[in-house]
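Please read the structure below before turning to the comments.
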Amino acid sequence: MELQDLKGIGKSRIAALHQAGIDTMADLLQTLPRSYRDTSMVTHIAQLSPGTPACVRGYLKGSSKLVYFHGKARVSATLQDESGALPLVWFNQPWVRDKLSSEEELLLYGQPARDKSGRITLYSPSFEEKEALLPQYPTIPGISSRVLMRLIAQALNQLDTYCPETLPESLRLRYQLCERNFALRQLHAPDSQESLAMAQRRISFEELLFYQAALSILRGTPGRAHPIQADDGAAYWSSLSFTPTQAQKRVFEELRADMARDTAMRRMVQGDVGCGKTAIAFAAMYCCAQAGYQAALMAPTEILARQHFDSAQKSLAPLGIRCGLLLGGMKAVERRASLAAIASGEWQCVIGTHALLSEGVAYQSLALAITDEQHRFGVRQRKMLSKKGGEAFEPHVLVMSATPIPRSLALILYGDLDLSIVDELPPGRTPVRTRIVPEAKRDGLYRFIIEQAAQGHQCYIVCPLVEENEDLPARSAQDTYAELCNGALSCLRLGLTYGAQDAAEKERTLAAFSAGEIDVLIATTVIEVGVNVPSATVMVIENADRFGLSQLHQLRGRVGRGAQESWCFLMAEPNERLTTLCSTNDGFEIARKDLELRGPGEFLGTVQHGAGFLSGLAADGRLLAETQQCMRELRQNPDYHQEYEQVLAQAQQRFAARLPQVALN
């Protein structure tokens, strides 16, 4: 059986699956749920807690109402059980009223929140048919969640055919791991919380183990590199408007020692928001250029690449170092001139986006390759940039991460790299004050934003969605922008930006915000990196409970970049995670707490059909340590040589799209 043989699938749905990277039955079966709705445990209305998803059961009290306001529908009703009454609200779902009957018992699932009057209310709850653990899958455009569940239910009948076991039985028994097919079946249709936990442990263990095996393939032996004999960078550091911290000096010395060797450096510099990693990278580029070689710095967005280029022009160009910018969206004439400047060596420091990896880019003598915001790039992309040094020499490789990661996890994620940590912030930075703001205090927050704007300060409002989605009761950037333009902030200059926005329009909006022509920028997480506006002092994060702690910390880092007092407001009900963010500005402490509360998924990203790195299924520090130990045993114990070869072969197959084809011997 193939995808096209499934019932209920036509050409448009096949095309939608292909667009999502699901090309085979195995891909479909390995499209794992991102979370679960637990309707197996019904909560009494009186015991509901704001911010904690719950399932409630009861009957309608009175009749439901459907009203329209500015063309938008609002359905309201009240659910009653033996413990009390609960207001229900659905936005832009007028059809819901037809499903509400005062005679039938209702089973509803949603996340309670307080309304403007302080009452606990259930917004846009889903109608459930049974008490169970129900999988929630990643959104696939063109395929509804119900259709996807039906397709996967059919595919599960072919599970044994398309998803064979990947771990040696002896290894599986040694680490008490269930069979792979049992795990996949339970992930899609759990029998119980216990069987789900067993399945999550199995798949998480496998992915962590294969990731480490993939790194061991990638690591190989560092290639021959140009030794960069450099001075202590005194001329560079003294040219800056600030004095480097001791941490910056220490990390720079580690880089300098690495680059002086004739084997390629592979080092990751990790540090909190605002610790000065870019200055360290420019110091390394300065040394490289002084030694007569070229350096390249790759950033994940054009905005960030332009900012780095502007900074390089201010700090490196006065020292006689020629810098250039290469972007994917350049006009043909500009691109030809840029490629010629790179190939001739005219540009000693080249800054750009993924365009630096393209086939037509040839360097005269690339000796240092730097990637910024490492979590936005795959291992394979880093490897591609390192291959630009030519046949005889590999460039020294430096990667920078602005997402603080606990050291133990960093050593696993980036096991092919040496690790340097910038654990000190420059003096004079004012810590951002962080507060949780419930819905009832929204009007007061808007008044505060208006007061800040009157003082010449700017504000970000970050929403989790671009546009309204009836399946997700969360604020969208587009609706928030429209609402505020005609409402509470209509007296201010507002802007809107999001990832899928036209590139030119996005650039104009961000440039206008940077120039102070916009008071409030409503955005998605597109502004998480690469936006540096010192006059922005307020960050508002809508539905803050939908973000991981580390991402919230990254967003918070967009403010507090000037001398003024800055604020971050989390629109949500208080909980343990958000309270942690309010209590500390230490990114490493926040990352440690995030790992403890959520597992490594926040750092590792998500897997859709087995093609990504790690799925973010339940895993904790103990599992990370366990897979590290397993990998050491496989490498070092001759009795496990056959198991080791099997694991390497599986890793090569799993990560084939991201790994170079390296012989396993």
Side-chain angles (χ1 to χ4, degrees), residues 236 247-248 251-252 254-255 258-259 265-289 294-316 321 323-328 347-358 361 366-386 388 395-405 410 413-414 416-422 510 525-532 550-551 553-555 557-558 561 587 603 605:
Y236 166 78
Q248 284 177 307
V251 171
F252 171 66
E254 291 171 355
L255 298 182
D258 280 356
M259 293 191 299
M265 170 180 74
R266 292 172 177 172
R267 185 167 291 275
M268 174 182 178
V269 172
Q270 186 190 4
D272 209 344
V273 176
C275 71
K277 294 182 300 297
T278 304
I280 297 171
F282 282 177
M285 295 176 83
Y286 166 79
C287 292
C288 183
Q294 286 175 299
L297 190 158
M298 183 168 69
T301 66
E302 289 199 3
I303 298 164
L304 187 53
R306 287 185 186 279
Q307 286 190 0
H308 280 325
F309 176 67
D310 291 342
S311 298
Q313 288 291 76
K314 291 173 185 173
S315 58
L316 295 177
I321 294 171
C323 304
L325 181 67
L326 183 67
L327 303 173
W347 287 355
Q348 297 164 287
C349 293
V350 187
I351 296 166
T353 56
H354 294 75
L356 298 176
L357 303 175
S358 55
V361 183
L366 182 63
L368 174 64
I370 303 173
T371 58
D372 192 13
E373 302 294 352
Q374 168 58 27
H375 64 292
R376 297 297 182 96
F377 294 107
V379 176
R380 185 165 173 261
Q381 289 168 313
R382 189 171 77 229
K383 199 77 176 176
M384 286 170 66
L385 184 57
S386 74
K388 290 288 186 179
H396 297 286
V397 172
L398 168 63
V399 301
M400 299 191 292
S401 174
T403 302
I405 303 171
L413 288 179
Y414 305 109
D416 59 330
L417 302 169
D418 295 316
L419 186 63
S420 292
I421 295 179
V422 187
L510 290 171
T525 54
V526 68
I527 57 96
E528 183 183 353
V529 296
V531 180
N532 183 18
S550 291
Q551 189 171 30
H553 180 59
Q554 285 293 304
L555 289 167
R558 296 303 101 202
R561 292 174 167 255
F603 306 108

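Summarising the geometry, atom CG belonging to Leu366 is positioned 7.5 Å from atom CG belonging to Leu368; distances are rounded to the nearest 0.5 Å. In this structure, Thr353 OG1 and Met298 CE are separated by 8.5 Å, a value rounded to the nearest 0.5 Å. Between Leu297 atom CG and Cys323 atom SG the span is 10.5 Å, to the nearest 0.5 Å. Here the OG-CD1 distance, from Ser311 to Ile351, works out to 8.0 Å after rounding to the nearest 0.5 Å. Annotation: the span from Arg266 atom CZ to Leu398 atom CG amounts to 14.0 Å, rounded to 0.5 Å.
Minimum interatomic distance between Gln270 and Lys277 (heavy atoms only, all atoms of both residues): C-CD, 4.2 Å. Minimum heavy-atom separation, Ile321 to Cys349: CG2-SG, 3.7 Å. Closest approach of Leu316 to Phe282, counting heavy atoms only: CD2-O, 3.8 Å. Annotation for Ser420 and Arg267: closest pair OG-NH1, 2.8 Å, computed over non-hydrogen atoms. What you find for Phe252 and Cys287 is that their closest heavy atoms are CZ-SG, 3.6 Å. Heavy-atom minimum distance, Met285 versus Ala295: CG-CB, 3.9 Å.
Under a 3.5 Å cut-off, the side chain of Gln248 and the backbone N or O of Val422 do not form any donor-acceptor pair. A donor-acceptor pair under 3.5 Å is absent between the side-chain atoms of Tyr236 and the main chain of Ser315, judged by distance alone.
Using a 4.5 Å cut-off on side-chain heavy atoms (C-beta onward), Thr525 and Gln554 make no contact.
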For Asp258 and His396, what are the C-alpha separation, side-chain angles and deciding distance, and is it a side-chain contact (heavy atoms from CB on, under 4.5 Å)? CA-CA 8 Å; Asp258 280 356; His396 297 286; 5.8 Å; no
Can you list the steps and then say if Val269 with Glu254 is a side-chain contact (heavy atoms from CB on, under 4.5 Å)? CA-CA 10 Å; Val269 172; Glu254 291 171 355; over 6 Å; no
Any chance you could lay out the side-chain contact (heavy atoms from CB on, under 4.5 Å) test for Leu325 and His308, step after step, and finish with the verdict? CA-CA 9 Å; Leu325 181 67; His308 280 325; over 6 Å; no
